[in-house]
Protein chains: 2
Amino acid sequence: MDPHLLRTYVTVARLASFSAAARELGYTQSAVSQHIAALEQDLGTDLLTRRPVAPTPAGERLLEHAGPLLLRLEAARADVVRRAAAPEHGLTLATTPTALGPRTVAALPRAGVTLRVLAREEVPEAVAAGRADLGLVDGLAAPSDPLRLPDVAPLTTYGVGEESVCVLLPDTHPLAGRPGLRLGDLAHARWLDAPDAGLPLAQLRAAAGGSGFRPALRYEGTDVRVLTALAAAGHGLTLLPRTAATGVPGAVAVPLAQPRVVHRVELVCLGTPGGPAARLAEVLLDGGAGAGTPV
Amino acid sequence: MDPHLLRTYVTVARLASFSAAARELGYTQSAVSQHIAALEQDLGTDLLTRRPVAPTPAGERLLEHAGPLLLRLEAARADVVRRAAAPEHGLTLATTPTALGPRTVAALPRAGVTLRVLAREEVPEAVAAGRADLGLVDGLAAPSDPLRLPDVAPLTTYGVGEESVCVLLPDTHPLAGRPGLRLGDLAHARWLDAPDAGLPLAQLRAAAGGSGFRPALRYEGTDVRVLTALAAAGHGLTLLPRTAATGVPGAVAVPLAQPRVVHRVELVCLGTPGGPAARLAEVLLDGGAGAGTPV
DNA sequence: AGCATGCCATCAGCAATGCTTATCGCGTGT
DNA sequence: ACACGCGATAAGCATTGCTGATGGCATGCT
């Protein structure tokens, strides 16, 4: 189970072609063929059907393991070399835009902090690769369920807060006066697609269990104020945690009644943090111990 | 970052000796020395101090990655070869003793199920290595915090229930009439140490944030009834989820008031389950959606 | 102090791995 | 029917990765 073999295997599976994989990896087709044969012999099973090239059931299973494994190998490598190159670099906190609430901001040390706002999938990756000491990720989850984070390193997660989720509507919207809204009823409304600033539509669809939620406008920035302004101007609806959705001029935040999901924020760190990271983590966790407190 | 190199690295770090690691791994000392040198050159940093042999900071970091990585490589391998050897094997559910509640039992299909009761750390490992299709793990956690599971595979976890934690006391115990108990006050009581049946004392100590909790009797089986009988007979106290602690003859269950921890049960599966595993998972999750419902 | 011991680093040599080039068998599409 | 593209296989060769031997350097004992 040499990682090189795994890498060629996932490449072959992805491209459904030995030759194409060879080109992409800079090998000859012969080498790729030998790699796959070695893997299959090692594991004692066929992993791919040839003509057409497709993973067998055992191969499917291997793919589930191999992808994350390779990611983590790379992350581990990046983490160690980075830490070796820059021995002292203060405290870096990676966060998604809506995970950073007033409580966290207040808890930050007064000096030596680098705050890095990233897209949702990039935060765990940054922590895993040592580009950040701590990460804050938010997302939708069933009450008391952990978030589904990409599996890039032996990360430890702590729930630092859960709060209700609101739909942000322009105050002229016919549903603006409602006390609560059902997500299913809004599947065919106009939605903002802001994967980096708000909650990605994919999470919405998954939560609602259906399709719909066609994007009316896509915003690729990470600024929540732009997002709320877009929603207020009627470009589309968006889902936000309560504290981020209240107080927007021209818009009202209506809590989501169905499905029962919460906006959850988790603190992510690699292994057992030490030094300033540990202290910040402690402050965040202590302050957030009461469940349901916005971060 | 060849896994072989990582393996020798963690071995050297563990044994604090090149020669001993060489003996254990079946290499010559020379080979081990070359492995470490190759790793250090590859990563561009020293990983070990020699004389005495100890990991450098960068090496510490690498250790945090390397252990889990190697575990997962092995688990992936075991999973694939097993799946190849035994293509059809019904549905196997691995569980800790106290994670299996009446609701789960009721949800099981009427045929073709293998139920495997394992110790707490073995459950994720069994799922990762394909020895079980699904796992149920329980443990203590802060309310709405995920359990800290060993990181052996790209496992997906779902919270399937949280319930309160009780101290099981013989009904003759002076504290038996109390409405609630503080764990800190019980640090010096006699405790049962039942790592495989109940909740391990280590988790207790961690939850209480202190020391104490000396074991009066150690029970290495997995039978909860034996554990409750021992507690009723005054051999020591034990912590159990409410449903498991009630109705024990000769003993009473007193809820734990401090610290604020819950008994949490999580469903663990590898990647996206298919077939009968998916159906069982769905039943468990649907039934348990209301938070706080015992499983 | 002197010496012996155990440790890790280094070097040379050798076997095995892992790549390349070349060729073959086999389906497919024209 | 034929040419093409794909993957498997064989032979050759450079490199890797091991072993065994040796060297420098501490520590501990006499």
Rounding to a whole Å, what distance do you find between [X]:[atom1] and [N]:[atom2]?
X	N	atom1	atom2	value
A:Leu39	C:dG18	CG	C1'	14 Å
A:Glu40	D:dA8	CD	P	8 Å
B:His35	C:dC8	NE2	C1'	15 Å
B:Ile36	C:dT10	CD1	P	13 Å
B:Leu15	C:dC7	CG	P	12 Å
B:Leu47	C:dC8	CG	P	16 Å
A:Leu5	C:dC19	CG	P	8 Å
A:Leu25	C:dC19	CG	C1'	14 Å

In a check of side chain to side chain contact (heavy atoms under 4.5 Å, CB included) between B:Val137 and each of B:Leu267, B:Leu149, B:Val160, which one passes?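 The residue from B:Leu267, B:Leu149, B:Val160 that satisfies side chain to side chain contact (heavy atoms under 4.5 Å, CB included) with B:Val137 turns out to be B:Leu149.
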So which of B:Leu62, B:Leu69, B:Leu63 actually passes side chain to side chain contact (heavy atoms under 4.5 Å, CB included) with B:Val10?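 By the side chain to side chain contact (heavy atoms under 4.5 Å, CB included) criterion, B:Val10 pairs with just one of B:Leu62, B:Leu69, B:Leu63: B:Leu63.
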What about the rings of A:Tyr27 and A:His35, do their centers lie closer together than 6.0 Å? yes
At 4.0 Å (heavy atoms only), tell me whether B:Thr28 reaches a base, stays on the sugar-phosphate, or touches nothing.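 Base contact.
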Give A:Val32 one of three labels, base, sugar-phosphate or nothing, depending on what nucleic acid heavy atoms sit under 4.0 Å from its own. nothing
Does A:Gln29 make a side-chain donor-acceptor contact with the base of D:dA8, cut-off 3.5 Å? yes
Ignoring hydrogens and angles, are the base of C:dT10 and the side chain of B:Ser33 linked by a donor-acceptor pair under 3.5 Å?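 Answer is no: no donor-acceptor pair is held.
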I want to confirm an ordering. Mapping B:Asp2 and A:Ser30 to their closest nucleotides on DNA chain D, which one lands closer to the 5' end? A:Ser30
Out of D:dT19, C:dC8, C:dC19, which nucleotide sits closest to the side chain of B:Tyr27? D:dT19
If we count only N and O atoms by modelled type, under 3.5 Å, do the side chains of A:Thr96 and A:Asp138 hold a donor and an acceptor together?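 Judged by distance alone, the side chains do pair up.
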Salt-bridged, B:Glu220 to B:Arg218, with N to O below 4.0 Å?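 Judged by the 4.0 Å cut-off on N to carboxylate O distance, B:Glu220 and B:Arg218 do form a salt bridge.
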5'-most contact on DNA chain C (nearest-nucleotide basis), B:Ala37 vs A:Gly26, goes to B:Ala37
